[in-house]
Visitor: 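One structure, as structure tokens, below. Some questions next.
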Amino acid sequence: MKIIAIYSSKGGVGKTATAVNLSYSCARSGRKTLLCDIDPQGAAGYYYLINPKSNFNRKKFLKGDLAPFIRGTDFENLDLLPAHFSFRNLDLALDGQEGTGTELKRIFAGLKDQYDVLILDCPPNMTLLSENIIKAADLIVTPVIPTTLSILSFAQLVKLADKLEVKRKKLMAFFSMVDKRKNMHSDIIAKFGPKKMFLSSEVPYLADVEKMGLYRQPVAVSAPASSATISYEQLWQEVWRRGVQA
Ligand SMILES: Nc1ncnc2c1ncn2[C@@H]1O[C@H](COP(=O)(O)OP(=O)(O)O)[C@@H](O)[C@H]1O
Ligand SMILES: [Mg+2]
């Protein structure tokens, strides 16, 4: 089972949109896929019209008691583990366990025979939970809006990964919400795009992605022939190709 974390320390960069659309592409490619939402805001579940069961909570999650709380989606090969509101204190709970940073890895190990790919929709922070994510993931995909602050937060992730002695090959970034009419976007893409860790796929700023909040479906379902669908499909292909090599 490959674990792919969609992670950034910044909020609002397109993590959830990416997790939702890539999990759909992954499942469509025939791989048994679990989208696991660890952001207590629960947006991934919202997009797939799935609420957590009322008896789910952080304690059960930390125990690795996941199977009873995994829900099927409307799509073949795709299941979802919705986040629970109590996940907002996951950091504290991990800290309280005198965490070694490998708790998430242990929690997900129990799923390895049931799924080919586990995609994590992560909350925006840089804490012990992030260390857990970095250690548990085989691949870390970071959406980067072409702005200086977004670049800075990716640089901080690379620094953290180095500190944790995690292979840089695991990390990949792509430009998200790209608007080429903005000089800053074009300049930053020209400067950082050629770097090894950046994928060549980009996701432009597109109304169809924003409208996912209305239709509550991956763009490939609500707007199958759109640029948004093509962009996420290309992104998925590139992530998978690189992941196999990593
Ligand atoms: N490529 C895009 N084009 C237009 N809007 C986008 C795009 N990606 C995300 N959004 C919108 O931006 C907001 C933040 O995206 P989201 O995926 O929730 O970010 P995060 O999970 O990083 O906080 C949402 O309203 C979402 O619909
Ligand atoms: Mg999100």
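As the structure lists them, so they are numbered: ligands from 1, and atoms in each ligand from 1. Model, not experiment: these values are computed from the prediction.
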Visitor: How long is the span from the CG atom in Asn89 to the CG atom in Asn57, to the nearest 0.5 Å?
Guide: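 Rounded to the nearest 0.5 Å, the CG-CG separation comes to 12.0 Å.
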Visitor: Leu34 and side-chain contact (heavy atoms from CB on, under 4.5 Å): which single residue from Leu118, Ile119, Val117 fits?
Guide: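 Only match with Leu34 under side-chain contact (heavy atoms from CB on, under 4.5 Å): Leu118.
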Visitor: Under 3.5 Å, is there a donor on one side chain and an acceptor on the other for Tyr205 and Glu210?
Guide: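 Side-chain D/A pair, Tyr205 to Glu210: present.
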Visitor: So how many protein N, O or S atoms does the Mg ion (ligand 2) have within less than 2.8 Å?
Guide: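 Those protein atoms number 1 in total.
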Visitor: I need the full list of ring pair (Phe, Tyr, Trp, His ring centres under 6.0 Å) pairs touching residues 140-169, with sequence neighbours left out, sorted by first then second residue.
Guide: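 Every pair satisfying ring pair (Phe, Tyr, Trp, His ring centres under 6.0 Å) with a residue in residues 140-169: Phe154-Phe198.
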Visitor: Going through the distances and angles, do Lys32 and Glu76 end up as a salt bridge (Lys or Arg N to Asp or Glu O under 4.0 Å)?
Guide: CA-CA 8 Å; Lys32 196 94 182 85; Glu76 204 182 338; over 6 Å; no
Visitor: Could you tell me if the side chain of Phe174 sits less than 4.5 Å from the side chain of Val144, heavy atoms only?
Guide: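 Heavy-atom side-chain distance check fails, nothing below 4.5 Å.
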Visitor: About how many Å separate CG of Asp121 and CD of Gln41, when rounded to the nearest 0.5 Å?
Guide: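 Going from the CD atom of Gln41 to the CG atom of Asp121 covers 9.5 Å.
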Visitor: Using the test salt bridge (Lys or Arg N to Asp or Glu O under 4.0 Å), find all partners of Arg168 that sit at least two apart in sequence or belong to another chain.
Guide: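 Checked Arg168 against salt bridge (Lys or Arg N to Asp or Glu O under 4.0 Å); matches are Asp162.
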Visitor: With a 4.0 angstrom cut-off on heavy atoms, strictly below it, pick out the residues next to ligand 1 and order them by chain and number.
Guide: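 Residues within 4.0 Å of ligand 1: Gly11, Gly12, Val13, Gly14, Lys15, Thr16, Ala17, Tyr47, Met177, Val203, Pro204, Tyr205, Leu206, Val209, Glu210.
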Visitor: Determine whether the aromatic ring centres of residues Tyr115 and Phe108 are separated by less than 6.0 angstrom.
Guide: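 No, the ring centres sit 6.0 Å or more apart.
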